[in-house]
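Reminder, nothing fancy here: chain letters follow the sequence lines and each chain counts from 1. These numbers come from a predicted model, not from an experiment.
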Amino acid sequence: MKRKRNKTNGFEKWGGYMEAKKTKLEEQFAEKAAGDSNHVKSQIFKGISIFVNGYTLPSANELKRMMMENGGIYHHYHRPNITTHIIASNLPTAKLKLLKQFKIVKPEWISDSLKEGKLLSYEGYLLFIDKPNQPKIDFPVRAKNASEPTFLSEFYNNSRLHLISTMATTFKHLVNDARKRNQTDYPGRQRLKKWIEQNGVKDMLSHDSELDSGKIFMHIDMDCFFVSAGLVERPELRNLPVAVTHAKGNLSKKREGVDRGAEFGLYVKRWRGDDDENGEEDEEEVQEIRPRSTKRDGIDETDSMAEIACCSYEARKIGIKNGMLVGKALKMCPTLKLIPYNFEQYKRVAHTLYTHIMNDYTLDVEAVSCDELYLDCSHILETTKASPFELATFLRKEIKEKTQCPCSTGIGSNCLLARLATKKAKPDGQFYLEPGSVMDFMKNIDISDIPGVGRTLGHKLSTLGVSTCGELSALSLETLQSEFGNKTGLSLYKHCRGEDDRKLNYEYKPKSVSAEVNYGIRFKNKEESENFVRQLCDEVEKRLDNIEMNGKTVTLKLMIRNAEAPKESAKFLGHGFCDNITKSSSLTKSTSNSLLIFQAVNKILNQLDIEPSDLRGIGIQMNKLENRTVTGAGRIENFISNMKSNTKTNHISLNENTDNDKIVLTKVSEPKSLQSSFTHNCNKPKSVIDFFKPKEDLNSRKHNIKTTNSKSNIPHEPLVNIKMSQVDPSFLDALPTDLRLEIENELKANENQNSLYIENENSSTMEVTMTEESSKLYQHVQIDQMKEFIEEWVVTENEPKLCDNIMVSKYLCNLIRDTKTEDAYEIIRKLYRLINNKDHLAWKQSYFDIVKDVQETMLNLYDAKMKVETTFK
DNA sequence: ATCCTCCCCTAC
DNA sequence: TAAGGTAGGGGAGGAT
């Protein structure tokens, strides 16, 4: 752990040095460009920054001149997050591999664009049109729903909501972790100081007065994030109406069982709160209560139902909004440019934003989401003597340079005011809300801009004749509280006056963990639905393990097709018009164990007795989270779980027993192919476990208390009963006395039991293989890490160990299941090359064993084999 | 009073 | 075709 940290710091220092050097060169470049401003001929390359790699024609120098004269930027070094295009005429394969994720374009792109007098699409000038060495696998093209095994990962890979949600938690954790390190050096503050000296930006506000008036908060929000990030690689679309969506146009087909009109009618009816069908309605009354518009308005039978995740300001001017359906948006603006998602780019930009601020300015950051955060500026302003306005200007300038994306910032004396200021500043602007002008400012703020006021609350307020904060402030606290409840009433009362005493929240502590899918849920029978629920439980387990916490209550959330709803939803594989149910169950002990969660969930599911084909959405949530402890009651169960993955009882099956309500776990002999995997046979140096095990776990393993895979708490009955006779005595001797006695007692109590069992009221068949469970250990391993391991493994070992073999095999099969087939392919090729150089036959056998497993998985999932080498030279 | 469960709402 | 997740806050109403 420690070593890793030092390494990181060292790297950051080096990175900082390079960064400084780059900036210096760029400054010179900018100065030169500015000095020669009479030579600037056009802005053709505005937003484009190139890095020239190797020999080109026109030469690097000429390309540099072309860029400078026409609004572009020339980078002397490749800067992965900033350089938009790499220019090259040819590249050695090794270098190509290194750079292949970037846009590599022929130099003619620049010269031709110049000739044409406009920016041409770079796509026609890509250096590699067909990517060499890519496997051509014919995947069956059919719609996937949740009954198919690869659905969940494929869905997560394509869900924008999943992405923004997971990114938000990621950055909250990032801030948390960053604040734990001892950072004293903030180079950005020095840059800001220097910049103020040089530019002497004249501020209308004096510096001292605000510093006296308490805290200053800044709210930073990227402008239409997905669009801006997407346009980094598509600068030719800047200043056009652009929208990010899955759809490519109005290509929707009419499907059987769909009745859009009927379905939309049901939504409107529910929103209006109609219970009875009087038919006779006072038209004015309806007008008043009816929602302003629903997102399904203006959609015809064959219009695309895809959602617009984000649209540019040019599109917003036309009336297009985020969340609008593509069909409707295209009617409003037929020239609307639809661009696909680029998840990797969003992650890159967001990461740059956060690390830039935290490394260079302050750790007093509250992460709101991937593109939005609050800063407490007190320390920055104090040390730099900058005014809030200067800080905002400089910070926005740097963020734009680093990310190529615009952002807006608002500054105020509390979070609410900072946020409202940002709204006013957008797009690409900043606004400092002076303490003196708060009253005036608030009067005209729309109530829907107040945090917490959404569709429902906004509508309710509008029926009270309130639409601005000014109007809202006329209502008494009592009125608001009796109308909306105590807390909501009070916060409305304060917020409409610009008051907000909320502190920035730096310490992130999750209160719940959940996994939910309300798309693609179409099951034929109970087996399919149960199978999917199991996968969701696995997902929840994984997320709990990630944060090293356990949950004590399980909540199941279901969406069920409403009786009146058409058989098929208007949106392809959507949930349609549904009834929602949530039901929770308290466990006796907190856990992260997928099986135990499944037990609880399945019990509820069976009680509810819902026709699987009517399910449209399933969610599993864990509440009452607890940190894992290695003390008290938790220890013994940690130990037992440890035993579980260390005993030779590798393969256990849960057999159905329909006569009584118990599921009996019986030991079955392990299949040959799984022999000895993940047992202590493996724990020699260089073996997989030591290679990947996080350092902290090595520590706890020393005390034989915990493994990476440990489940600290097991409710009711232990999942696996281990008998005294199965335990290695030296194992017990190594333990502290108190723990040893505890465990010995437990083991003795188990001595007269001859089967492994868990309670389960619902009879069902489950297969639990310990190897399978253990292989989850490696799910988090990065592909690059795996490649590194494989290289080391093959090069340094004389003969392959079976456990390593199985691990690699499992890892590859998991990749394939995650639809990362191309990564798996690459790893197999690498493996082939390495093994080709080995003399020992056992290595070749290893290769064939692994390929056999892989092909089996491929056939199961895709009805296709992977094209890999089958003979050695 | 305070807690729990089952919602609903909101935000990104 | 399309990828409608996830976490947190809070209210209503009942149990303790």
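Atom C1' of nucleotide B:dT5 and atom CG of A:L608 are separated by 14 Å, given to the nearest angstrom. One atom, CE of A:M324, and another, C1' of C:dG4, lie 17 Å apart when rounded to the nearest Å. Taking atom OH of residue A:Y156 and atom P of nucleotide C:dG5, one finds them 8 Å apart after rounding to whole Å. Here C:dA2 presents its P atom at 10 Å from CG of A:L573, a figure rounded to the nearest Å. Distance, A:Y519 OH to C:dA3 C1': 5 Å, rounded to whole Å. Separating the CG atom of A:L325 from the C1' atom of C:dA2 is a distance of 12 Å, rounded to the nearest angstrom. Spacing between atom CG of A:L330 and atom P of C:dT1 amounts to 13 Å, rounded to whole angstrom units. Taking atom CD of A:E154 as the reference point, atom P of C:dG5 lies 16 Å away to the nearest angstrom.
Listed by chain and number, the residues in a salt bridge (Lys or Arg N to Asp or Glu O under 4.0 Å) with A:R160 are A:E307 (sequence neighbours excluded). The salt bridge (Lys or Arg N to Asp or Glu O under 4.0 Å) check on A:R316 picks up nothing, with sequence neighbours excluded.
Taking 4.0 angstrom as the limit, A:S584 places a side-chain polar atom (N or O) nearer than this to OP1 or OP2 of B:dC6. Side-chain N/O atoms of A:S159 include none lying less than 4.0 angstrom from OP1 or OP2 on C:dG5. Distances shorter than 4.0 Å separate some side-chain N or O of A:N518 from OP1 or OP2 on C:dG5. Taking side-chain N and O atoms only, A:H162 has a distance below 4.0 Å to OP1 or OP2 of C:dT6.
Across its full length, the helix from B:dA1-C:dT16 to B:dC12-C:dG5 shows an angle of 10° between the axes of its 5 terminal pairs at either end, rounded to 10 degrees.
Using a 4.5 Å cut-off on side-chain heavy atoms (C-beta onward), A:V365 and A:Y354 make contact. You'll find the side chain of A:M222 reaches within 4.5 Å of the side chain of A:I399, heavy atoms only. Counting heavy atoms from C-beta outward, A:S514 and A:M622 have side chains that stay 4.5 Å or more apart.
Where stacking is scored as ring centres under 5.5 Å apart with planes under 30°, A:H575 registers as stacked on the base of C:dG4.
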Original post:
Taking protein heavy atoms under 4.0 Å as touching, what does nucleotides 7-12 of chain B look like 5' to 3' if B marks base contact, S marks sugar-phosphate-only contact and - marks none?
Top reply: B-SSSB

Subject >> B/S/- contact track for nucleotides 11-16 of chain C, protein heavy atom under 4.0 Å >> reply: S-----

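At the heavy-atom level, A:S304 lies under 4.0 Å from the strands shown only through sugar-phosphate atoms. Heavy atoms of A:M305 sit under 4.0 angstrom from primed sugar atoms or phosphate atoms, though from no base atom. Nucleic acid contact class of A:G323 (heavy atoms, under 4.0 Å, all strands): none. Residue A:A306 is classed as a sugar-phosphate contact, given heavy-atom separations below 4.0 Å to backbone atoms only. Nucleic acid contact for A:R160: sugar-phosphate only, since backbone atoms but no base atoms lie under 4.0 Å from a heavy atom of the residue. Among the heavy atoms of the strands, none lies under 4.0 Å from A:R616.
Between B:dT10 and C:dA3, the two P atoms lie 22 Å apart (nearest whole Å).
Using a cutoff of 4.0 Å between basic side-chain nitrogens and carboxylate oxygens, A:K347 and A:E344 are scored as salt-bridged. Ion pair A:E626/A:K552 not flagged as a salt bridge, since none of the NZ, NE, NH1 or NH2 atoms sits closer than 4.0 Å to an Asp/Glu carboxylate oxygen. Salt-bridge check for A:R260 with A:D303: failed, with every basic side-chain N at 4.0 Å or more from each acidic carboxylate O. Between A:R628 and A:E548 there is no salt bridge, since no side-chain N of the basic residue sits under 4.0 Å from a carboxylate O of the acidic one. A salt bridge is absent between A:R419 and A:D500; no separation between the charged side-chain nitrogens and carboxylate oxygens falls under 4.0 Å.
Between the side chains of A:T403 and A:R348, no donor N or O sits under 3.5 Å from an acceptor N or O. A donor and an acceptor atom, one from each side chain of A:S408 and A:D223, are located under 3.5 Å apart. Using a 3.5 Å distance cut-off with no hydrogens or angles, the side chains of A:S476 and A:T479 do pair a donor with an acceptor. A:T409 and A:D221 share no side-chain donor-acceptor pair at under 3.5 Å. Checking A:R502 against A:N414 by side-chain atom types alone, no donor-acceptor pair falls below 3.5 Å.
The side chain of A:F155 sits closest to C:dG5 out of C:dA2, B:dC4, C:dG5. For A:K571, whose side chain is taken as the heavy atoms from C-beta onward, the closest listed nucleotide among B:dC6, C:dG5, C:dA3 is C:dA3. Considering only side-chain atoms of A:S569, the nucleotide from C:dG4, C:dG5, B:dC6 that sits closest is C:dG4.
Comparing A:Q621 and A:E307, the nucleotide of DNA chain C nearest to each residue sits closer to the 5' end for A:E307. In this structure, A:A247 and A:V517 both approach DNA chain C, and ranking their closest nucleotides by distance from the 5' end singles out A:A247.
Within residues 224-231 of chain A, no residue has any heavy atom closer than 4.0 Å to DNA chain C.
Remark: A:K423 NZ is loosely packed, at most 12 non-hydrogen atoms of other residues, nucleotides or ligands lying under 6.0 Å away.
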